[in-house]
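Single-structure report; data block below.
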Amino acid sequence: MSKTYDHQAIEVKWQAYWEQHRTFRVSDDQALPKFYCLDMFPYPSGSGLHVGHLEGYTATDIVSRYKRMKGFNVLHPMGWDAFGLPAEQYAVKTGVHPAITTAQNIETFKRQMKRVGLSYDWEREIGTIDPEYYRWTQWIFLKLFERGLAYVAEVPVNWCPALGTVLANEEIIDGKSEVGGFDVLRKPMRQWVLKITAYADRLLEDLKLVEWPPSTLEMQKNWIGRSIGAEVEFALADVPGTLRIFTTRPDTLFGATYMVLAPEHPLVEAVTTADRKTDVIAYRESASRKSDLQRQELEKEKTGVFTGGYAVNPVNDEPLPIWIADYVLMGYGTGAIMAVPAHDERDWAFAKTYGLPIREVIAGGQVGQEAFVSTDKGTVVNSSSPDGSVTINGMTPADAIPKITAWLESRGKGRKAVNYKLRDWLFARQRYWGEPFPIVWVDGQALPLPEEQLPVLLPETSNFKPSGNGESPLANLTDWLTTTDPISGMPASRETNTMPQWAGSCWYYLRFIDPKNQSLLVDPAKERYWMPVDLYIGGSEHAVLHLLYARFWHKVLYDIGVVSTPEPFKKLVHQGIVLGEDNQKMSKSRGNVVNPDEIMDQFGADAVRLYEMFMGPLEAVKPWSTRGVEGVTRFLERAWRLMVNEEGRLSHAVVETAPTLKQQRLLHQTIKKVTEDIETLRFNTAISQMMVFTNEMTKTEQRSRVLLEPFVLLLAPFAPHLAEELWEVLGHQPSLSQQTWPIFDPALIISDRLTIPIQVNGKLRAKLDVGTDATREQIEELARGQVAEWLQGKAPKKIVYVEKKLMNFVV
RNA sequence: GCGAGAGUGGCGGAACUGGCAGACGCGCGAGACUUAGGAUCUCGUGGGUGACCGUGGGGGUUCAAGUCCCCCCUCUCGCACCA
């Protein structure tokens, strides 16, 4: 491929210039309007950047460069989510300390990012593994602990023998570990847990405050899973006590024909009769051995056993047999349900399997065929208490629910209740490469360390193997483990768990605001100036966990006055996945991975940036095409040749004379389109407009400087190296990053001629070229002449004229 | 099954509040310049080829539908016994 311009030389030149002149350093001048433009910071993996990373990074870089030229003070930082399992697994295998591999990987990432010309303020670089950073991660943990939002619990956790560690639910896919695909068993273990459920309502409500993709909002809503219903007390028939259940359908209480407890439910022993004991124990055991995967596989076939016990339905005093079944989950609601087979699919299936009665209480379906679950349709029937104190017959389910709930409440048999799918957040990992907890244990009690003792440094070791009993490798470090409680002076033992990877990424966006602050997490004045993040771009794989956890911490920080906004990320966009050239997901095994370094060697950083944006809409999943990179390279070369001759000097085609009106119109249309498209992140169409401009200019021999200079500025956010060079060739001082963004003149956009399509019966038959001042009558007369052939002399029934747009004859 | 999004040339994709379907790029074809071209430039390129058909399929609203309404099909992503 012949080179019109030497991308290599130009890119090296300008990257050095930017670095030397600290061109992208953020100012703390709060008089300027601010724009906080954030990428999801990466985990620095061993394989370096891939073209998918680049898509999001290029998008934020274009917006950042554009906003700077628009006069904004732009915060566009980058850092490293550098704690994580891969480096630790590598250390276990090779003995190389995770700090070493991590540092190397960060070097690679940073080198690649600089090569792409991303305009980060590197003076604000942070890493979650830096003690000066995790000191504040630990500090936030202390605040959570102080507020009762961090507690210790003996939780059955997902124990993965192969990884020698415990996994969170979200790290398990189809019953296997996300990393490595190993088997996972359940094992009770002492864990730190964060009470995210205390914030469930606010996490749900405040989704109204953000501009996020609808799918992400929906996923967060589902994850939180708020549902409103009632808790109802069922007295036990033969033993003292009550059984509390949660239902969203109290309107179907009269249709309950049996009860189900989760196998782990504490009342199981009490209600089980002697003759049922063997079966119940056997079922409980088999249920406890089932992994989540098995539970999913057996979804269709419901199993359970009768306990022999009965509970009394509070609405009609009817005794209901109590069963245990693993389709009822201990972790949700009260771990017990009333079963209404007529109006619940699961109960229906279970009732069919075990021959339990199905009683219709909402008319409108065919409950013999299938459960009738609609709450919008149907009428309540067979639902009056025997003592006549309540009836909901004839009502719609929606009306019956509050009525029966109120009645239960008046009798002390129940109350309105809200439940969430969201569980508290298991916040401890049995790993080395993570933040240590600022906690010591004295006599079995967890005590927080004072703030002044932070950070609790991760101790040095060369043995990264798990202790094997489920504790982290830190448990092997006796010297570190043994300490004294600074408050009481009592002998103490350090917490051996470390924090999960999510911890560091929960608040990093705050540290970028004030990365070197020694005394505060973030300076309040700076925080008020910069927050919230105006644009946050990252993968949709973080739609739930990272974004929910970060929102949770942010709200806690809001409550203690550290931050000033209820939500951290105002606008969120997910870049789509870049597929391989074969339309398949990029993977080493398929051999379709595109290495950005190789593409940059061949075509240069500007071409890669441009192609990443030209592929299609930012959020769409789309395939890579190296041919496409060639295409945008041709465009860049054409843009170059517009103003540079073969010797690399200003071309003679560049003239000082005034442009034609038509040329000015094209320029101003281009300014308008590029400006609006950057604002709405439609980079592909912005580039296409610049191509149109370039194609037109290529045709002319005399290219007015008045046209070229604004064009170079428009090109700058997309192809910054080339644009800087062109700006210099045009005789200007660098850097154009300090130039102001071109403004379009609305008067210059409007054309003096119009093309009016003429239709007959909605079909295009002619086009009229008229002046903007042409009247309807003039157009109609001209049009009649043009389409006479289709009018066939008949008078049109109707003539539709849309001002300056179109004329349609209806015959 | 539920939820969200999407189906437009050979390919990636354009098309604002209904108003010229296919911008721009890739690919392909023709030509120019050249010793040469896989460089560059110019022209052409939805399908048929007379006025017809074309935005996943079928209905509808409208002077006019890729765009709005109803039914159906397909794909992608997420959730998946949450009572």
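Chain naming here is simple, since letters A, B, ... match the order of the sequence lines and numbering starts at 1 in each. For clarity, every value in this text was computed on a predicted model and none was experimentally measured.
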Exercise. Salt bridge or not for A:Glu231 and A:Arg415, using N-O below 4.0 Å?
Worked result: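 Result for this pair is yes, salt bridge flagged.
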Exercise. Do A:Glu637 and A:Arg634 meet the salt-bridge criterion of a basic N to acidic O distance under 4.0 Å?
Worked result: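 Not counted as a salt bridge, because no side-chain N and carboxylate O are separated by less than 4.0 Å.
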Atom [atom1], compared across [N] and [M]: separation rounded to whole Å:
N	M	atom1	result
B:rU17	B:rC68	P	10 Å
B:rA6	B:rC53	C1'	26 Å
B:rC24	B:rG37	P	28 Å
B:rA14	B:rU61	C1'	27 Å
B:rG10	B:rC77	P	25 Å
B:rG46	B:rG12	C1'	16 Å
B:rG19	B:rG57	C1'	26 Å
B:rC16	B:rG27	C1'	30 Å

Using whole Å, what does the distance between atom [atom2] of nucleotide [N] and atom [atom1] of [X] come to?
X	N	atom1	atom2	value
A:Lys421	B:rG3	NZ	P	12 Å
A:Glu630	B:rG37	CD	C1'	15 Å
A:Glu619	B:rU76	CD	C1'	14 Å
A:Leu548	B:rG78	CG	C1'	15 Å
A:Phe246	B:rC81	CZ	P	17 Å
A:Leu217	B:rG5	CG	C1'	13 Å
A:Leu642	B:rC41	CG	C1'	13 Å
A:Lys763	B:rU62	NZ	P	18 Å

Exercise. Reading nucleotides 10-24 of chain B 5' to 3', which nucleotides get B (base under 4.0 Å from a protein heavy atom), which S (sugar-phosphate only), which -?
Worked result: --BSS----BB--BB
Problem set entry | Chi-angle category of B:rG13 [syn within 90° of 0, anti beyond] |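 You should classify B:rG13 as anti.
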Exercise. With syn defined as a glycosidic torsion within 90 degrees of 0 and anti otherwise, which applies to B:rG50?
Worked result: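 Base orientation relative to the sugar is syn.
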Seminar exercise, completed: Intra- and inter-strand pairing of RNA chain B, written as dot-bracket with Watson-Crick and G-U pairs under 3.5 Å and | for the latter, reads (((((((..(((......[....)))((((((.......))))))((....))..(((((..]....))))))))))))....
Exercise. For RNA chain B, whose closest nucleotide is more 5', that of A:Ile577 or that of A:Phe809?
Worked result: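 Its nucleotide being nearer the 5' end, the pick is A:Phe809.
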Problem set entry | Contact nearer the 5' end of RNA chain B, comparing A:Pro214 with A:Lys699 |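 Result of the comparison: A:Pro214.
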Exercise. Is the phosphate of B:rG27, meaning OP1 or OP2, less than 4.0 Å from a side-chain N or O of A:Arg634?
Worked result: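 A:Arg634 to B:rG27 OP1/OP2: side-chain N or O found under 4.0 Å.
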For this session: Check the surroundings of atom CD in A:Glu345: do more than 12 heavy atoms from other residues, nucleotides or ligands lie under 6.0 Å from it?
Result: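 Counting other residues, nucleotides and ligands, CD of A:Glu345 stays at 12 neighbours or fewer.
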For this session: Sequence neighbours left out, what passes ring-ring contact (aromatic ring centres under 6.0 Å, His included) with A:Tyr611? Give chain and number order.
Result: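 For A:Tyr611 the ring-ring contact (aromatic ring centres under 6.0 Å, His included) partners, ignoring immediate neighbours, are A:Trp624.
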Exercise. Who are the ring-ring contact (aromatic ring centres under 6.0 Å, His included) partners of A:Phe718, not counting sequence neighbours?
Worked result: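 Once residues adjacent in sequence are excluded, A:Phe718 has no partner under the ring-ring contact (aromatic ring centres under 6.0 Å, His included) criterion.
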For this session: Remember a base hit wins even if backbone is also touched, and classify A:Ser625 as base, sugar-phosphate or nothing at under 4.0 Å, heavy atoms.
Result: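 Nothing, no heavy atom under 4.0 Å.
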Problem set entry | Sugar-phosphate, base or nothing in reach of A:Ser540, heavy atoms under 4.0 Å |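 Nothing: the residue A:Ser540, judged by heavy atoms under 4.0 Å, touches no strand.
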Exercise. Going through the checks in order, is the salt bridge (charged side-chain N to carboxylate O under 4.0 Å, His left out) test met by A:Arg609 and A:Glu612?
Worked result: CA-CA 5 Å; A:Arg609 293 170 60 109; A:Glu612 290 267 356; over 6 Å; no
For this session: Can you spot which of A:Thr694, A:Asn695, A:Thr698 makes a side-chain hydrogen bond (donor to acceptor under 3.5 Å, both in side chains) with A:Arg638?
Result: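 Of the listed options, the one satisfying the test is A:Asn695.
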Show me the donor-acceptor pairs, under 3.5 Å and distance only, between side chains in residues 245-253 of chain A and residues at least two apart or in other chains.
residue  : atom : partner  : partner atom : Å
A:Thr247 : OG1  : A:Arg249 : N            : 2.8
A:Arg249 : NE   : A:Asp251 : OD1          : 3.0
A:Arg249 : NE   : A:Asp251 : OD2          : 3.3
A:Arg249 : NH1  : A:Val373 : O            : 3.2
A:Arg249 : NH2  : A:Asp251 : OD2          : 2.9
A:Thr252 : OG1  : A:Arg249 : O            : 2.7

Exercise. Passes ring pair (Phe, Tyr, Trp, His ring centres under 6.0 Å), A:Phe350 versus A:Tyr258? Steps please.
Worked result: CA-CA 10 Å; A:Phe350 191 80; A:Tyr258 62 103; 5.5 Å; yes
Problem set entry | side chain to side chain donor-acceptor pair (under 3.5 Å) against A:Gln669, all qualifying residues, sequence neighbours excluded |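 None.
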Exercise. What about A:Lys797, does its side chain sit under 3.5 Å from the base of B:rC63 through a donor-acceptor pair?
Worked result: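 Between B:rC63 and A:Lys797, which were checked side chain against base, a qualifying N/O pair under 3.5 Å is absent.
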